[in-house]
Amino acid sequence: MGTLYLVATPIGNLEDMTFRAVRVLKEAGLIAAEDTRTSGRLLQHFGIETPLTSYFEHNKLAKLDRILAALETGDVALISEAGMPGISDPGYELVVAAIRAGYPVVPIPGPSALVTALAASGLPTDSFVYLGFLPRKSGQRRAVLREVADQPRTLVFYEAPHRVAETLADLSAELGEERPVVLARELTKRYEEFWRGTLAEAQAHVAAQEPRGEFVILVGGAPAGQQMWDDERVRQGLRELQAGGITGSKAVKQVARQSGRSRSEVYDLWLGMTGST
């Protein structure tokens with residue numbers, strides 16, 4: 001019986017590859033890779049000649065049987081384009097399938113953009129909320145942000161460069177312009193950058209240049225005694241949830257939690273909006 005290895009690979013700087021990762025990749029019977037072109041260059045750099053197969057977002061379910069079959073006779077190593085497989089990268093379904101089939105799953109730790117950015121951000125690291133990639137559409141994105149608006153913990157998520165400006169605008173609208181934020185990009189690469197300021201300043205910073213490279217955005221948690229929503233803000237939140245197909249009771253419960261208002265107060269405002277009695 002083989003073992004499924006989850007092998008972390010460099011997020012930029014090839015010197016971050018661990019000795020253990022190289023050994024496991026050389027000894028495995030098969031390597032499943034998110035991007036075979038990127039991984040091919042990595043393997044060539046370290047003299048790794050293990051057979052390679054693709055395993056990415058659009059074929060990951062179709063490839064499960066083949067990879068599980070390979071585990072019957074030997075070890076399989078899973079790698080993503082960069083960082084740790086399964087963390088905002090393909091891997092979760094394969095891990096679950098391997099565990100259910102009785103195969104050992106062993107992580108080979110290494111580079112991770114999430115941890116790298118958080119450690120150097122200057123924001124609290126003792127407790128944080130990782131959101132992965134936010135939804136692409138503004139309405140859905142703002143709904144997610146409203147759910148964590150009152151979180152006292154540091155918020156961390158990834159964003160593509162062409163959506164950074166829109167995401168910062170939504171962050172400002174839902175969390176407030178004075179929240180501290182860190183924009184980390186090109187981590188471990190030649191042009192690595194950590195920019196620190198408020199959400200209002202971040203919007204101006206991004207507007208003055210063309211964002212490049214994948215971003216990790218880190219936002220400070222809600223301050224103690226965060227200002228309670230006024231009636232109009234509550235109505236706005238209810239309207240947006242209603243437009244998203246959320247039922248009245250669930251919308252009232254969610255907005256009450258986010259706004260600092262009692263559920264009865266939010267319910268009364270909901271009744272006033274809908275004309276119910």
Side-chain angles (χ1 to χ4, degrees), residues 118 121-124 126-160 162-183 195-208 211 215-277:
L118 182 64
S121 68
L123 295 173
D126 57 328
S127 183
F128 62 93
V129 178
Y130 173 57
L131 299 170
F133 283 95
L134 291 173
R136 296 184 179 185
K137 294 183 178 181
S138 178
Q140 297 173 351
R141 187 164 55 235
R142 290 185 63 167
V144 170
L145 293 174
R146 278 195 298 275
E147 293 181 359
V148 295
D150 58 352
Q151 274 285 347
R153 296 174 286 180
T154 300
L155 306 177
V156 188
F157 47 90
Y158 297 153
E159 191 54 277
H162 62 279
R163 286 196 296 270
V164 168
E166 295 177 358
T167 294
L168 288 173
D170 288 341
L171 282 165
S172 294
E174 296 298 334
L175 308 184
E177 293 186 338
E178 297 307 309
R179 282 279 191 105
V181 62
V182 178
L183 306 180
W195 183 93
R196 300 172 177 87
T198 66
L199 281 169
E201 293 167 341
Q203 291 184 83
H205 171 72
V206 169
F215 280 74
V216 183
I217 301 179
L218 308 99
V219 182
Q226 178 173 270
Q227 184 177 3
M228 188 179 295
W229 290 11
D230 61 22
D231 288 357
E232 185 50 38
R233 178 75 187 281
V234 169
R235 293 189 187 97
Q236 178 186 349
L238 290 170
R239 282 193 292 266
E240 291 177 356
L241 290 175
Q242 184 183 30
I246 305 298
T247 62
S249 60
K250 289 184 178 180
V252 168
K253 182 179 179 180
Q254 182 172 322
V255 170
R257 185 177 65 251
Q258 296 167 356
S259 65
R261 304 282 292 272
S262 69
R263 193 177 300 185
S264 61
E265 289 177 319
V266 177
Y267 182 67
D268 287 340
L269 290 170
W270 169 263
L271 292 179
M273 290 169 53
T274 60
S276 304
T277 56

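Values in this document were obtained by computation on a predicted structure and should not be read as measured data.
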Side-chain donor-acceptor distances from residues 127-138 under 3.5 Å, at least two apart:
from, atom 1, to, atom 2, distance (Å)
Tyr130, OH, Ser88, OG, 2.4
Ser138, OG, Asp170, OD1, 3.1
Ser138, OG, Asp170, OD2, 3.0

Atom pairs and distances, side-chain donor-acceptor, residues 237-248, under 3.5 Å, sequence neighbours left out:
from, atom 1, to, atom 2, distance (Å)
Arg239, NH2, Glu232, OE2, 2.8
Glu240, OE1, Arg146, NH1, 2.2
Glu240, OE1, Arg146, NH2, 3.2
Glu240, OE2, Gln236, NE2, 3.2

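For the residue pair Pro211 and Val206, the shortest heavy atom distance occurs at CG-CG1, 3.5 Å. Between Leu218 and Ser121 the shortest heavy-atom distance is CD2-CB, 4.0 Å. Between Ala222 and Ala149, the closest heavy-atom pair is CB-O, 3.5 Å. What you find for Arg142 and Ala173 is that their closest heavy atoms are NH2-CB, 3.6 Å.
Taking a cutoff of 4.0 Å between a charged side-chain nitrogen and a carboxylate oxygen, Arg233 and Glu174 qualify as a salt bridge.
The shortest side-chain heavy-atom distance between His205 and Leu183 falls under the 4.5 Å cut-off. At a threshold of 4.5 Å between non-hydrogen side-chain atoms, the residues Leu155 and Leu171 do not count as touching. Side-chain contact between Phe157 and Thr167: present, with at least one pair of heavy atoms (C-beta onward) separated by less than 4.5 Å.
Listed for the Arg179 side chain is no donor-acceptor partner under 3.5 Å among the backbone atoms of Ser172. Of the possible donor and acceptor atoms, one in the side chain of Glu201 sits under 3.5 Å from a partner among the backbone N and O of Thr198.
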With side-chain contact (heavy atoms from CB on, under 4.5 Å) as the test, would you mind laying out the steps for Leu123 and Leu118 before giving the verdict?
CA-CA 7 Å; Leu123 295 173; Leu118 182 64; 5.5 Å; no
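Under the rule for a side chain to side chain donor-acceptor pair (under 3.5 Å), the partners of Asp231 that lie at least two apart in sequence or sit in another chain are Arg261.
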